[in-house]
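The structure appears right after this line, and notes come after that.
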Amino acid sequence: MSSSIELPGWPQLSDEDVEAAVAALRSNRLVGLRNGTVEEFESALAAGQGVGHAVAVSTGTAAVHLALHALDVGPGDEVIVPAHTFIGSASPVTYLGARPVFADVTPDTHCLDPDSVKSLITEHTKAIVAVHINGCAADMEALCAVGAEAGVPVVEDMAQALGTEIGGRPVGGFGDLACVSLFEQKVITSGGEGGAVLTNNPEYAERVRRLRSHGEGPIEGRPGLIWAHEVGYNYRLTTVQAAVGLSQHARLGAMVEARRRNAAYLSERLAGVEGLELPVEPEGTVHAFWKYVVRAVPGEGRPAAAEIAATLRSRGVPVLLRYPFPLHKQPAFAEHNDVSLPVAERLSEELLALPSHPALTEEHLGHIADEVRKAVAG
């Protein structure tokens with residue numbers, strides 16, 4: 001097979017997605033409170049994740065921000081966040097004037113390490129952000145136990161994990177709140193950007209609804225009037241975005257099934273490759289495989305992950321290093337640069353994300369696997 005084979009990109013919106021967006025535009029009801037399309041999308045998300053409430057917002061980062069705000073995170077507080085994740089899991093902590101405290105991750109799942117979290121809890125800890133990285137389930141039983149013992153709420157960052165399950169239950173209902181991302185490359189999208197906050201707590205849900213729209217809400221005893229109960233934000237999702245999200249959500253199961261099928265195919269084709277560690281699926285969980293992440297195991301004579309990635313890109317395979325800079329080593333969090341988190345730091349030099357999205361066929365995947373084998377062999 002030629003190394004010049006062209007791989008399809010992601011996302012790929014369907015005709016139904018486009019038609020839903022057009023219908024929403026023609027409705028002339030584009031944004032606002034009590035919006036039927038937005039509410040329908042929220043109901044679908046809540047039902048799909050098995051939670052009582054879903055509040056649609058403008059981005060996944062906004063979802064984390066609002067979830068932490070609903071927990072009254074503020075100046076003087078600390079929030080524990082994994083160092084191996086996207087910055088949107090941590091930056092909202094600083095928006096609220098609080099301090100992120102970076103924890104290490106486990107070497108197999110790359111998710112938040114409960115032991116690391118436990119060692120970092122202080123009297124100032126206000127929340128724990130548990131990220132289901134790449135679609136792999138974090139150890140929510142252990143993390144929630146650590147939080148419960150310390151009286152600290154847990155926020156699930158499931159930006160990469162629609163379709164992920166633990167013990168037959170979808171993620172999103174294990175913590176006190178959960179945060180969804182609908183960015184264009186995620187498992188499903190609402191047309192480029194979007195997000196949601198999930199919770200079983202009606203008080204949290206009501207506060208997030210208010211905060212996403214300037215803190216405004218009804219005035220008791222004054223029908224039809226609203227005022228700002230507190231200072232909030234403009235984090236609303238539009239009707240067009242909700243319409244696309246609703247259309248995509250109807251195919252969520254099929255898209256996750258395709259990702260899992262593609263991941264299984266890659267694992268079969270890459271099994272036994274010396275110097276390559278394949279992704280794990282913890283027992284009793286369902287991995288959504290938003291990213292298929294492999295580890296280039298260091299060894300004498302073996303190419304490093306960066307070299308493998310460069311080789312693959314030169315052959316037309318769009319491979320990326322997976323979080324090559326842990327959050328605590330980046331300029332935005334300079335005060336943490338001296339912190340030592342050995343697993344996150346090691347993984348930053350060893351992980352590669354291979355293409356595995358639903359638009360890829362077995363022919364594409366076979367080509368990817370062949371090229372990976374050659375690149376790893378040097």
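We number each residue from 1, following the sequence as shown. Computed from heavy atoms alone, side chains included, the values below leave out hydrogens, waters and symmetry copies.
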With a 4.5 Å limit on heavy-atom distance, are the side chains of [X] and [Y] in contact?
{"X": "Pro303", "Y": "Thr311", "value": "no"}
{"X": "Gln160", "Y": "Ser181", "value": "no"}
{"X": "Phe41", "Y": "Leu182", "value": "yes"}
{"X": "Val57", "Y": "Leu237", "value": "no"}
{"X": "Val343", "Y": "Thr106", "value": "no"}
{"X": "Thr109", "Y": "Val280", "value": "yes"}

Counting distance only, does the side-chain N/O of [X] pair as donor-acceptor with the main-chain N or O of [Y] below 3.5 Å?
{"X": "Trp290", "Y": "Gln185", "value": "yes"}
{"X": "Glu281", "Y": "His287", "value": "yes"}
{"X": "Glu184", "Y": "Pro11", "value": "no"}
{"X": "Thr239", "Y": "Arg29", "value": "yes"}
{"X": "His357", "Y": "Pro8", "value": "yes"}
{"X": "His132", "Y": "Ala288", "value": "no"}
{"X": "Glu345", "Y": "Leu341", "value": "yes"}
{"X": "Glu277", "Y": "Val297", "value": "no"}
{"X": "Arg322", "Y": "Arg295", "value": "no"}
{"X": "Gln241", "Y": "Gly191", "value": "no"}

**Report entry** Parallel, tilted or perpendicular, as decided by the 30° and 60° cut-offs, for the rings of His84 and Tyr323
**Finding:**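 Judged by the thresholds at 30° and 60°, the geometry between Tyr323 and His84 is perpendicular.
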Requested in this report: Return the orientation label for the His65 and Tyr233 ring planes: parallel under 30°, perpendicular over 60°, tilted otherwise.
Outcome: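 If you compare the ring of His65 with that of Tyr233, the planes turn out tilted.
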Taking atom [atom1] of [X] as the centre, does the number of heavy atoms from other residues, nucleotides or ligands within less than 6.0 Å exceed 12?
{"X": "Gln330", "atom1": "CD", "value": "yes"}
{"X": "Glu274", "atom1": "CD", "value": "no"}
{"X": "Gln12", "atom1": "CD", "value": "yes"}

Query raised in the report: Only one of Val131, Leu143, Ile133, Val154 clears side-chain contact (heavy atoms from CB on, under 4.5 Å) with Leu112; which?
Result: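 The side-chain contact (heavy atoms from CB on, under 4.5 Å) with Leu112 is passed solely by Leu143 among Val131, Leu143, Ile133, Val154.
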So, [X] and [Y]: side-chain donor and acceptor under 3.5 Å apart, yes or no?
{"X": "Glu206", "Y": "His53", "answer": "no"}
{"X": "Tyr292", "Y": "Ser267", "answer": "yes"}
{"X": "Asn201", "Y": "Thr199", "answer": "no"}

Report task. Let me see the working for Ser213 and Glu216 under side chain to side chain donor-acceptor pair (under 3.5 Å), right down to the final yes or no. Result -> CA-CA 6 Å; Ser213 191; Glu216 292 185 328; 5.1 Å; no
Are [X] and [Y] close enough for a salt bridge, meaning some N to O gap below 4.0 Å?
{"X": "Asp104", "Y": "Arg346", "value": "no"}
{"X": "Glu16", "Y": "Arg251", "value": "no"}
{"X": "Glu42", "Y": "Arg212", "value": "yes"}
{"X": "Arg260", "Y": "Glu257", "value": "no"}
{"X": "Asp370", "Y": "Arg269", "value": "yes"}

Please find the pair of heavy atoms, one from [X] and one from [Y], that lie closest to each other, and give the distance.
{"X": "Leu360", "Y": "Pro355", "answer": "CD1-C, 3.5 Å"}
{"X": "Lys126", "Y": "Leu71", "answer": "CE-O, 3.6 Å"}
{"X": "Asn200", "Y": "Gly52", "answer": "OD1-N, 2.8 Å"}
{"X": "Lys291", "Y": "Ser356", "answer": "C-OG, 4.5 Å"}

To the nearest 0.5 Å, what is the distance between [atom1] on [X] and [atom2] on [Y]?
{"X": "Cys136", "Y": "Phe289", "atom1": "SG", "atom2": "CZ", "answer": "7.5 Å"}
{"X": "Leu270", "Y": "Leu354", "atom1": "CG", "atom2": "CG", "answer": "7.0 Å"}
{"X": "Leu211", "Y": "Asn234", "atom1": "CG", "atom2": "CG", "answer": "12.5 Å"}
{"X": "Leu162", "Y": "Met158", "atom1": "CG", "atom2": "CE", "answer": "4.5 Å"}
{"X": "Leu320", "Y": "Leu352", "atom1": "CG", "atom2": "CG", "answer": "9.0 Å"}
{"X": "His69", "Y": "Arg210", "atom1": "NE2", "atom2": "CZ", "answer": "9.0 Å"}

Count I, L, V, M, F, W, Y as connected when their side-chain heavy atoms are under 4.5 Å apart, and connections chain through other members. Are [X] and [Y] then in the same cluster?
{"X": "Val339", "Y": "Val79", "value": "yes"}
{"X": "Val197", "Y": "Val155", "value": "yes"}
{"X": "Ile87", "Y": "Ile128", "value": "no"}

